[in-house]
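Heads up: the structure comes next, in structure tokens.
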Amino acid sequence: MSAVASDPCVDYEAVIGLEVHAELKTKTKMFCGCRNEFGAKPNTNVCPVCLGLPGALPVTNRKAIELAVRFGAAVDAKIGRAVFHRKNYFYPDMPKDFQITQYDEPINAGGKVEILDAGALHTIHLTRAHLEEDTGKSQHQGVSGRIHDATSTLIDYNRAGVPLLEIVSEPDIRTPDQAKQYVNELRAVLGFLDISDVKMEEGSMRVDANVSVRPVGAEAFGVKVEVKNMNSVRSLVRALTYEIERQTVVYREGGRIVQETRHWEEEDGRTHSMRSKEEAADYRYFPEPDLVPITLDQAWIEAISAEVPGVFPSRRAVQLAEQYGFDLDRVASVVYTPGLCDWVEAEIAIGADPLRSLNWASQEVMAHLNETGGEVAGLALSKGVFADLSSLIDDGTLSKKLAREVLTEVLVSGKSPRTVVSEKGLAQISDESELERIVAEVIGANPETIEKIRAGNKKVVGFLVGQVMKATKGAANPEAVHRLIDSRL
Amino acid sequence: MTAVITTAAGIARGVRSGEYPAARVLEEYLARIAAHEDRIGAFLLVAQERARAAAEAIDARVAAGEDPGLLAGVPLAVKDALCLAGLPTTAGSKILQGWHPPYTATAVARLEEAGAVVVGKTNLDEFAMGSSNENSAYKVCRNPRGLDRVPGGSSGGSAAAVAAGFASVAIGSDTGGSIRQPASLCGVVGMKPTYGRVSRYGLIAFASSLDQIGPLAGTVEDAALVYQSMAGADPMDATSIPGDLPDVLSGVKEGREAGIAGMRVALVTELCEMEGTDPTVARVFEETVKKLEKSGAVLVEVSVPSLVHALSAYYLIAPAECSSNLARFDGVRFGLREAGDDVEAMNRATREAGFGPEVKRRIMLGTYALSSGYIDAYYGKAQRIRTLVIRDLEAAFTQADVLLSPTSPTVAFPLGARTDDPMSMYISDICTIPANLAGIPALSLPCGTDDAGLPVGLQVMAPVLSESLLFRVACAAETLIGALPPVLL
Ligand SMILES: [Zn+2]
């Protein structure tokens with residue numbers, strides 16, 4: 001029975017839930033001592049345990065539990081025990097032909113993530129965030145690299161047994177843009193708290209979506225479709241947009257949506273039905289007998305929770321916007337970059353101008369990071385860069401424009417703003433006698449302009465200021481120039 | 001050729017003192033294997049050269065003034081379900097034919113560290129599933145005390161090897177009686193430790209929550225020596241019990257010197273008055289109990305009502321776990337691979353060709369017991385019965401120090417007698433299964449024979465972690481009962 005009527009005049013809304021798999025940033029794998037690293041030579045980070053050799057046994061990685069708890073504390077989840085189950089199914093990438101995962105008792109139950117939506121905070125609730133192990137990776141050898149025309153398949157088990165946190169949201173998301181904000185928010189939280197590398201391109205963060213549509217105002221959900229294979233936030237937005245439209249059209253034309261899994265194809269921009277089995281999969285979950293349930297020490301949980309800054313980027317953006325009168329969009333561009341907002345706030349605390357600092361961070365610093373592919377943590381900067389620039393502007397040494405040039409140079413060279421100013425001779429000319437001489441020259445050279453001004457056309461003063469700036473190659477203080485011209489006329 | 005000495009304790013004493021070279025001891029055992037193994041079939045592999053090198057190394061250490069350990073120069077037979085790097089390991093199955101594990105089981109490594117010399121890998125029921133060794137995919141194993149009789153199972157090869165004098169001691173694994181029942185049928189001592197006392201790392205799993213590695217030996221003291229050398233916490237097994245390992249050898253000494261006087265020994269009604277118990281077994285058992293009583297043991301009778309359901313619970317839990325544990329034998333990474341058009345066909349063909357009928361039966365039973373819609377009625381109910389058994393046995397131990405019963409309801413049965421009737425085979429384990437379900441230690445020692453000279457075993461069960469008490473009572477009983485007549489080959 002579908003809850004959706006086939007009326008062409010009805011407006012539809014989407015109901016979206018996301019499943020995010022984040023690889024945890026541990027030194028070793030979930031249940032063995034092999035290194036957890038991306039990009040190693042195939043099958044070099046393997047051992048009897050993660051290869052599922054007969055007789056080998058899993059032992060839980062304490063750090064993985066700690067990172068899961070850190071996430072749970074950040075999203076305000078109910079943190080429980082570390083109890084594992086086996087999920088049984090045959091899959092060549094999965095060495096034991098079962099996955100060790102969590103079932104009816106996730107380590108983190110509930111919780112919430114706040115996102116920015118139309119200039120305000122919006123809450124997305126979480127169902128759970130549980131621990132499990134990753135699978136290996138198949139490489140199909142053949143023309144297309146796909147399984148259907150493969151001549152053989154090679155399997156790399158380096159990823160097998162890498163710890164994963166599966167974060168399942170409630171169906172609280174309504175638009176592709178909200179989905180994007182949600183993923184960005186999660187990515188920031190996981191990255192800031194050093195829980196995961198969150199690189200979608202490398203697969204350390206993967207997103208699957210459950211999508212249905214229903215008439216606006218309806219309570220019941222439509223039939224849910226699972227969409228997989230989105231490897232960037234951009235493709236997530238594209239896939240959701242496509243899938244919502246597809247389902248809406250099906251309903252409008254009186255058709256039915258079947259519950260299925262669909263594969264997003266980047267090339268043609270569509271989702272494709274994956275041939276699925278007639279019968280529903282039966283994973284025969286049962287408690288993992290090789291592991292004992294681990295009850296977490298309450299004091300340990302509290303110690304981890306205490307280290308978690310209880311602020312999401314979205315919330316921080318709203319708070320900063322209120323506190324300093326910042327533009328929300330501009331501050332939002334800063335809060336999602338790891339370390340950037342901390343930097344801005346630290347500079348403001350030691351006297352930097354808030355608004356200028358925000359602008360420098362969102363423009364010069366972001367541009368520099370994008371260009372170099374670097375991170376804030378990797379910038380070799382002394383404390384007080386923004387504070388110094390602010391005071392250099394305040395004392396008239398730099399114009400706002402020059403300050404930006406100085407900052408760009410500071411970011412590249414790692415030198416202090418004052419060093420850059422003196423090395424490049426960028427200090428603006430505030431020496432009044434020198435300026436007076438130049439102003440006098442400009443006035444003498446432009447008698448017609450002076451006439452116009454005296455006749456009441458004040459607009460052309462700008463022309464004179466421009467001439468002075470040109471003569472000083474931009475090093476004059478524009479305010480001083482204005483003042484001197486006014487006094488002469 | 002007769003051994004100068006036959007007990008492990010005696011061999012180790014002689015080798016450590018330099019009185020008997022380990023190499024000479026080994027040659028005596030290898031000579032017996034060469035003379036009689038053809039008629040027994042205890043081994044799947046005799047590792048002569050490896051053993052000779054090991055014995056020479058022991059002698060070199062003694063010559064250098066070092067102490068090779070508690071088991072210096074003691075010939076040890078290892079059930080072929082335990083991994084030993086450098087030797088093939090088959091688990092008695094065609095599906096693992098030719099597989100060489102790259103690592104050694106913790107228990108085996110510890111025994112070798114204690115100076116034991118591995119003479120070979122012993123025959124077993126495929127994946128330890130069976131009670132007669134007739135499910136071995138490789139060869140028949142005969143009972144050295146009656147060549148037309150089964151040795152019991154699944155550690156039949158280990159029991160036969162000790163009984164035939166092919167090894168001084170052996171190790172096996174016990175999931176529902178797989179050490180104690182063959183020990184009983186072959187007339188040797190067999191012991192299953194508390195679950196978690198001996199690391200399972202490197203034991204090819206049958207049922208993870210029930211499997212436990214234990215010793216088979218000619219005497220209680222020898223069993224204790226082997227146990228003491230391999231038990232204790234292991235970071236590679238999450239279910240292994242942490243903390244220091246108590247010394248059980250003092251328990252052996254106490255049992256020999258102080259006897260059984262004052263010990264409260266209980267007869268378990270449900271196991272002693274069981275239908276289907278061979279009258280001779282019942283008679284020999286009764287006579288043994290009378291001997292103990294005469295020596296001062298305080299006899300009590302206890303009822304453990306839930307034991308009526310123990311067999312059924314076991315035959316749901318063990319197959320359920322095995323259905324998952326054996327999934328990894330899929331032809332992808334090791335062992336047998338049969339060709340197929342795609343991965344699924346290859347998996348099917350490999351498992352079809354590689355597993356024997358009993359293994360397939362249990363995989364199907366277990367898969368069914370875990371299936372959606374049935375799991376609560378089967379696996380769930382079985383776990384609840386298990387909880388009852390644990391509770392009831394705990395209660396029984398408030399009334400007695402140890403519980404007594406026959407180990408097996410019958411003496412060794414003729415080869416082929418029960419192969420067509422799985423149920424009659426399953427009933428062989430009825431007295432031994434409760435200790436596995438409850439995780440408690442239990443031991444079987446010979447207490448007499450029937451008229452044909454076929455041994456009867458006495459089972460002693462002790463509370464969790466009471467190995468010292470178990471060995472004490474067993475040693476006292478052994479002293480009172482006396483040794484069986486020697487095996488004549
Ligand atoms: Zn590994």
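By convention in this document, chain letters (A, B, ...) are assigned in the order of the sequence lines, proteins followed by strands, and residues within each chain are numbered from 1.
Annotation: maximal heavy-atom pairing with chain A below 4.5 Å, among B:Ser208, B:Ser324, B:Cys83, occurs at B:Ser324. Ranked by heavy-atom pairs shorter than 4.5 Å toward chain A, the options B:Ala207, B:Ala238, B:Ala327, B:Ser323 are led by B:Ala327. Taking chain A as the reference chain and counting heavy-atom pairs below 4.5 Å, the highest number among B:Asn347, B:Ile375, B:Leu203 is found for B:Leu203. Counting heavy-atom pairs under 4.5 Å between each of B:Thr89, B:Leu82, B:Asn325 and chain A puts B:Asn325 at the top. For the set B:Ser371, B:Ser209, B:Ala91, the count of heavy-atom pairs under 4.5 angstrom toward chain A peaks at B:Ser371. With chain B as the partner, the residue from A:Pro48, A:Gly52, A:Pro54, A:Cys32 showing the most heavy-atom pairs under 4.5 Å is A:Pro54. Among the candidates B:Thr367, B:Val332, B:Leu210, the residue making the largest number of heavy-atom pairs closer than 4.5 Å to chain A is B:Thr367.
Interface remark: A:Ile294 contributes no atoms to any contact with chain B (heavy atom separation under 4.5 Å). Heavy atoms closer than 4.5 Å to chain B are found in the side chain of A:Asn88, but not in its backbone. For chain A, the nearby parts of B:Tyr201 are the backbone and the side chain; heavy atoms of each come within less than 4.5 Å. Heavy atoms of B:Phe206 lying under 4.5 Å from chain A are absent altogether.
Side-chain contact between B:Ile363 and B:Arg351 is present, with heavy atoms from C-beta onward closer than 4.5 Å. Two residues are said to be in side-chain contact when any heavy atoms from C-beta on lie closer than 4.5 Å; B:Ser173 and B:Arg200 fail this criterion. B:Ile171 has its side chain out of reach of B:Lys79: every pair of non-hydrogen atoms, C-beta onward, lies at least 4.5 Å apart. Within the 4.5 Å cutoff, the side chain of B:Phe329 has no heavy atoms near those of the B:Trp99 side chain.
Taking the six-membered ring for Trp and the full ring otherwise, the centers of A:Tyr89 and A:Tyr283 sit less than 6.0 Å from each other.
In this structure, A:Asp208 pairs ionically with A:Lys228, as a charged nitrogen and a carboxylate oxygen lie closer than 4.0 Å. Between A:Asp104 and A:Arg128 there is no salt bridge, since none of the side-chain N atoms of the basic residue sits less than 4.0 Å from a carboxylate O of the acidic one. Under 4.0 Å is where a charged nitrogen must lie from a carboxylate oxygen, and between B:Glu126 and B:Lys94 no such pair does.
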